[in-house]
Amino acid sequence: MENIYTFKRKYLAHITPHQLEEFLGEFAVNQNGDLEIPYLHKGYTCNDKRDLLEDSKIQAISVFSGCGGLDIGTQMAGVKILSSLDCFEDSVRSLEQNAFFAGGQHRCDDICHISDRDYAEL
């Protein structure tokens, strides 16, 4: 089933006119000037696959983690993320509240202040 995601035009303010013209040509524009982007919901899930990581022999530490989008993909590929690091509190709070990252260590700090000793217990 195809769905429509509405992307507000105001979020395109940083795009150059040439890029904007090219980008707008790809999608329908509604009466408010917002983009209407069709997508197909595929029903992917990840929380139900969390137990597959428990015995993973491939493990990693994530830096510049953001709210964990790449970490989810990494774990879905079979690499267990032991710890995530980001300098933004909101990003780290998102990681902490996401059940998919339960059991991992989440740090909010500047990478310049981190050393290998901070991960000795992992």
Close side-chain approach of Leu95 and Ser65, heavy atoms under 4.5 Å
yes
Nearest 0.5 Å, please: how far is NE2 in His14 from CD in Gln19?
8.5 Å
Can Ser84 and Asp71 be said to form a side-chain hydrogen bond (donor to acceptor under 3.5 Å, both in side chains), step by step?
CA-CA 8 Å; Ser84 300; Asp71 292 357; 3.2 Å; yes
Is there a path of hydrophobic side-chain contacts, each under 4.5 Å between heavy atoms of I, L, V, M, F, W or Y residues, that connects Phe64 with Leu122?
yes
State, with a plain yes or no, whether a side-chain heavy atom of Tyr119 is found less than 4.5 Å away from one of Ser83.
yes
State plainly whether one hydrophobic cluster holds both Ile61 and Ile111, where clusters connect Ile, Leu, Val, Met, Phe, Trp and Tyr through side-chain heavy atoms under 4.5 angstrom apart.
yes
Would you indicate whether the side-chain heavy atoms of Val92 and Arg107 approach each other to under 4.5 Å?
no
Quick check: does any side chain N or O of Asp118 sit under 3.5 Å from a backbone N or O of Ser115, one acting as donor and the other as acceptor?
yes
Measure the spacing between OH of Tyr5 and CG of Leu35 and express it to the nearest 0.5 Å.
10.0 Å
Nearest-0.5 Å distance, CD of residue Glu36 to OG1 of residue Thr6
5.0 Å
Measuring only between side-chain heavy atoms, which start at C-beta, is Ile72 closer than 4.5 Å to Asn98?
yes
Quick one: does any side-chain atom of Gln75 pair with a main-chain N or O of Ile81 as donor and acceptor, under 3.5 Å?
yes
How about CG on Asp55, more than 12 heavy atoms from neighbouring residues, nucleotides or ligands closer than 6.0 Å, or not?
no
Just verifying a value: how many Å separate Ser62 OG and Leu70 CG, rounded to the nearest 0.5 Å?
7.5 Å
Without hydrogens or angle criteria, can the side chains of Asp48 and Thr45 be said to hold a donor-acceptor pair below 3.5 Å?
yes
What do you reckon, is CD of Glu22 surrounded by more than 12 foreign heavy atoms closer than 6.0 Å?
no
Just by modelled atom types, is the Gly78 backbone N or O under 3.5 Å from a matching donor or acceptor in the Ser56 side chain?
yes
Would Phe27 and Tyr11 show up in the same hydrophobic cluster when neighbours are defined by side-chain heavy atoms closer than 4.5 Å?
yes
Are the side chain of Asp34 and the backbone N or O of Arg9 linked by a donor-acceptor pair below 3.5 Å?
yes
Hey, is the main chain of Gly66 close enough, under 3.5 Å, to the side chain of Asp86 for a donor-acceptor pair?
yes
Straight-line distance of Cys108 SG to His106 NE2, nearest 0.5 Å:
12.5 Å
Can you measure from CG (Asn32) to NZ (Lys10) and round to the nearest 0.5 angstrom?
11.5 Å
Tell me if a side-chain donor or acceptor on Ser94 pairs with a main-chain N or O of Asp90 at a distance below 3.5 Å.
yes
Could you tell me whether the side chain of Phe88 reaches within less than 4.5 Å of the side chain of Arg93, counting heavy atoms only?
no
Heavy-atom check, side chain of Ile114 versus side chain of Leu85, under 4.5 Å:
yes
Is any side-chain heavy atom of Ile37 closer than 4.5 Å to one of Ile4?
no
So do the side chains of Glu121 and Gln105 get within less than 4.5 Å of each other, counting heavy atoms only?
yes
